[in-house]
Amino acid sequence: MAYWLLRSEPDAYSWDDLVRDGETEWNGVRNATARIHLKAMVPGDRAIFYHSNTERACVGVMEITRAWQPDGDDGKWASVAVKPVAPLPRPVPLADIKAEPKLAEMMMLKQSRLSCSAVTPEEWAVVMHMAGATDAAAA
DNA sequence: GCCAACGTTGGC
DNA sequence: GCCAACGTTGGC
(Lines give C-alpha, C1' and ligand atoms only; values in the text may rest on other atoms or scores of the structure.)
Protein backbone atom coordinates (compact mmCIF):
# COMPACT_ATOMS: atom_id res chain seq x y z
CA MET A 1 0.00 0.00 0.00
CA ALA A 2 1.20 3.48 -0.81
CA TYR A 3 0.68 6.69 1.09
CA TRP A 4 -0.14 10.13 -0.27
CA LEU A 5 -1.03 13.64 0.76
CA LEU A 6 -3.78 15.59 -0.97
CA ARG A 7 -4.27 19.25 -0.27
CA SER A 8 -7.33 21.39 -0.67
CA GLU A 9 -8.30 24.85 0.38
CA PRO A 10 -11.01 24.24 2.98
CA ASP A 11 -13.01 27.16 1.55
CA ALA A 12 -13.17 25.27 -1.74
CA TYR A 13 -13.54 21.68 -0.50
CA SER A 14 -13.02 20.65 3.10
CA TRP A 15 -12.81 17.47 5.13
CA ASP A 16 -16.35 18.13 6.33
CA ASP A 17 -17.49 18.33 2.71
CA LEU A 18 -15.92 14.93 2.06
CA VAL A 19 -17.58 13.40 5.12
CA ARG A 20 -20.90 14.85 4.00
CA ASP A 21 -20.45 13.49 0.47
CA GLY A 22 -19.26 10.06 1.63
CA GLU A 23 -17.06 9.81 -1.46
CA THR A 24 -15.80 12.30 -4.00
CA GLU A 25 -14.00 12.64 -7.29
CA TRP A 26 -10.67 14.35 -6.60
CA ASN A 27 -10.59 16.36 -9.79
CA GLY A 28 -9.45 19.71 -11.09
CA VAL A 29 -5.75 19.06 -10.47
CA ARG A 30 -3.82 20.96 -13.15
CA ASN A 31 -0.21 20.26 -12.42
CA ALA A 32 2.02 17.79 -14.21
CA THR A 33 3.86 16.53 -11.12
CA ALA A 34 0.63 16.09 -9.18
CA ARG A 35 -0.77 14.13 -12.10
CA ILE A 36 2.10 11.65 -11.91
CA HIS A 37 1.10 10.93 -8.33
CA LEU A 38 -2.61 10.69 -9.12
CA LYS A 39 -1.88 8.14 -11.83
CA ALA A 40 0.19 6.08 -9.41
CA MET A 41 -2.64 5.77 -6.88
CA VAL A 42 -4.51 2.48 -6.63
CA PRO A 43 -7.60 1.49 -4.63
CA GLY A 44 -6.74 0.83 -1.01
CA ASP A 45 -3.96 3.44 -0.86
CA ARG A 46 -4.24 5.90 2.01
CA ALA A 47 -3.97 9.68 1.79
CA ILE A 48 -3.72 12.50 4.27
CA PHE A 49 -6.25 15.28 3.75
CA TYR A 50 -4.41 18.57 4.25
CA HIS A 51 -6.19 21.91 4.57
CA SER A 52 -4.04 24.57 2.91
CA ASN A 53 -4.12 28.32 3.16
CA THR A 54 -6.43 29.34 6.00
CA GLU A 55 -5.80 26.31 8.22
CA ARG A 56 -2.49 24.72 7.22
CA ALA A 57 -3.00 21.39 8.96
CA CYS A 58 -3.47 17.71 8.24
CA VAL A 59 -7.02 16.93 9.29
CA GLY A 60 -8.00 13.43 8.20
CA VAL A 61 -7.21 10.12 6.54
CA MET A 62 -8.74 9.10 3.22
CA GLU A 63 -8.72 5.97 1.16
CA ILE A 64 -8.36 5.82 -2.61
CA THR A 65 -11.44 3.98 -3.87
CA ARG A 66 -10.84 4.02 -7.61
CA ALA A 67 -7.79 4.35 -9.84
CA TRP A 68 -7.42 7.40 -12.04
CA GLN A 69 -9.65 8.31 -14.95
CA PRO A 70 -9.30 11.16 -17.49
CA ASP A 71 -10.26 14.60 -16.19
CA GLY A 72 -10.95 17.86 -17.98
CA ASP A 73 -12.34 18.73 -21.41
CA ASP A 74 -9.40 17.26 -23.30
CA GLY A 75 -8.99 14.33 -20.92
CA LYS A 76 -5.33 14.99 -20.51
CA TRP A 77 -5.56 15.38 -16.74
CA ALA A 78 -6.41 12.75 -14.16
CA SER A 79 -8.69 12.35 -11.17
CA VAL A 80 -9.20 9.59 -8.60
CA ALA A 81 -12.07 8.76 -6.24
CA VAL A 82 -11.59 8.99 -2.48
CA LYS A 83 -13.59 8.38 0.69
CA PRO A 84 -12.97 9.46 4.28
CA VAL A 85 -11.56 6.87 6.68
CA ALA A 86 -11.27 8.83 9.91
CA PRO A 87 -10.57 12.35 11.11
CA LEU A 88 -7.25 12.83 12.90
CA PRO A 89 -7.82 12.93 16.68
CA ARG A 90 -5.49 15.91 16.75
CA PRO A 91 -4.95 17.86 13.52
CA VAL A 92 -1.25 18.18 12.71
CA PRO A 93 -0.35 21.79 11.83
CA LEU A 94 2.18 22.57 9.15
CA ALA A 95 4.31 24.28 11.79
CA ASP A 96 4.59 21.00 13.71
CA ILE A 97 5.55 19.13 10.56
CA LYS A 98 8.29 21.68 9.91
CA ALA A 99 9.49 21.40 13.49
CA GLU A 100 9.80 17.59 13.37
CA PRO A 101 13.26 16.51 12.13
CA LYS A 102 11.93 13.13 10.98
CA LEU A 103 9.69 14.95 8.51
CA ALA A 104 12.32 17.32 7.14
CA GLU A 105 12.43 15.44 3.83
CA MET A 106 8.68 15.32 3.30
CA MET A 107 7.74 16.04 -0.28
CA MET A 108 5.10 18.54 0.78
CA LEU A 109 7.82 20.64 2.46
CA LYS A 110 10.26 20.31 -0.42
CA GLN A 111 7.64 21.40 -2.94
CA SER A 112 5.26 23.51 -0.99
CA ARG A 113 2.80 24.19 -3.79
CA LEU A 114 2.36 20.60 -4.91
CA SER A 115 -1.24 19.56 -4.39
CA CYS A 116 -0.72 15.79 -4.59
CA SER A 117 2.46 14.45 -3.04
CA ALA A 118 3.85 11.12 -1.89
CA VAL A 119 4.38 10.17 1.76
CA THR A 120 6.81 7.45 2.84
CA PRO A 121 5.61 4.76 5.28
CA GLU A 122 8.01 6.19 7.87
CA GLU A 123 6.64 9.71 7.45
CA TRP A 124 3.12 8.38 7.58
CA ALA A 125 3.79 6.67 10.90
CA VAL A 126 5.30 9.85 12.36
CA VAL A 127 2.37 12.02 11.31
CA MET A 128 -0.14 9.49 12.64
CA HIS A 129 1.72 9.37 15.93
CA MET A 130 1.71 13.17 16.17
CA ALA A 131 -2.02 13.11 15.46
CA GLY A 132 -2.66 10.64 18.25
CA ALA A 133 -4.26 8.33 15.69
CA THR A 134 -5.08 4.77 16.63
CA ASP A 135 -4.20 1.77 14.50
CA ALA A 136 -7.53 1.79 12.70
CA ALA A 137 -6.92 5.15 11.08
CA ALA A 138 -3.18 4.85 10.88
CA ALA A 139 -3.01 1.49 9.15
C1' DG B 1 -1.44 42.18 2.09
C1' DC B 2 3.11 40.71 0.90
C1' DC B 3 6.43 37.86 -1.01
C1' DA B 4 8.82 33.60 -2.49
C1' DA B 5 8.43 29.56 -5.27
C1' DC B 6 7.43 27.74 -9.34
C1' DG B 7 4.79 26.58 -13.51
C1' DT B 8 3.40 28.47 -17.99
C1' DT B 9 3.54 31.43 -21.87
C1' DG B 10 5.40 33.77 -25.67
C1' DG B 11 9.10 36.06 -28.20
C1' DC B 12 13.24 35.16 -30.32
C1' DG C 1 14.90 25.19 -27.59
C1' DC C 2 16.01 28.94 -24.48
C1' DC C 3 14.78 32.35 -21.36
C1' DA C 4 12.45 36.45 -19.63
C1' DA C 5 7.97 37.93 -18.25
C1' DC C 6 4.02 36.90 -16.09
C1' DG C 7 0.38 34.59 -13.31
C1' DT C 8 -0.89 31.61 -9.54
C1' DT C 9 -0.40 29.41 -5.26
C1' DG C 10 0.37 29.20 -0.53
C1' DG C 11 2.70 30.45 3.68
C1' DC C 12 3.50 34.11 6.70
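It should be emphasised that the depicted structure is a prediction, and the values quoted were computed from it without experimental measurement. Sequence lines set the chain letters: A, B, ... in the order given, protein chains first and strands last, and positions in each chain run from 1.
- Around NZ of A:K39, the count of heavy atoms belonging to other residues, nucleotides or ligands within 6.0 Å exceeds 12.
- When the P atom of B:dC2 is taken as reference, atom CG of A:N53 falls 16 Å away, rounded to whole Å.
- For B:dC6, the OP1/OP2 oxygens have no side-chain nitrogen or oxygen of A:K110 closer than 4.0 Å.
- For A:H51 and C:dC12, the NE2 to P distance is 17 Å, given to the nearest whole Å.
- Protein atom CZ of A:R30 is 15 Å distant from nucleotide atom C1' of C:dT8, rounded to whole Å.
- The side chain of A:R113 sits closest to C:dT8 out of C:dT8, B:dG7, C:dG11.
- The CE atom of A:M108 sits 14 Å away from the C1' atom of B:dA5 (whole-angstrom rounding).
- The side chain of A:E9 approaches C:dG10 more closely than any other nucleotide in the set B:dG7, C:dG10, C:dC12.
- The interatomic distance linking A:L6 (CG) with C:dG10 (P) rounds to 13 Å, in whole Å.
- Regarding contacts with the backbone of C:dG11, a side-chain N or O of A:R7 is found under 4.0 angstrom from either OP1 or OP2.
- At a threshold of 4.0 Å, the pair A:K110-A:E105 counts as salt-bridged, since one of the basic side-chain nitrogens sits closer than that to a carboxylate oxygen.
- Here the P atom of nucleotide C:dT9 and the CG atom of A:N31 are 11 Å apart, to the nearest Å.
- The distance from atom CD of A:E55 to atom P of C:dG10 is 14 Å, rounded to the nearest whole Å.
- Remark: A:R46 is not positioned above the aromatic ring of A:W124, lacking an NZ or CZ atom under 6.0 angstrom from the ring centre and at most 45 degrees off the axis.
- Looking only at atom types and distance, the side chain of A:S79 has a donor-acceptor partner in the side chain of A:E25 under 3.5 Å away.
- Considering only side-chain N and O atoms, A:Q111 lies nowhere under 4.0 angstrom from the phosphate OP1 or OP2 of C:dG10.
- To the nearest angstrom, P of C:dT9 lies 21 Å from CG of A:L109.
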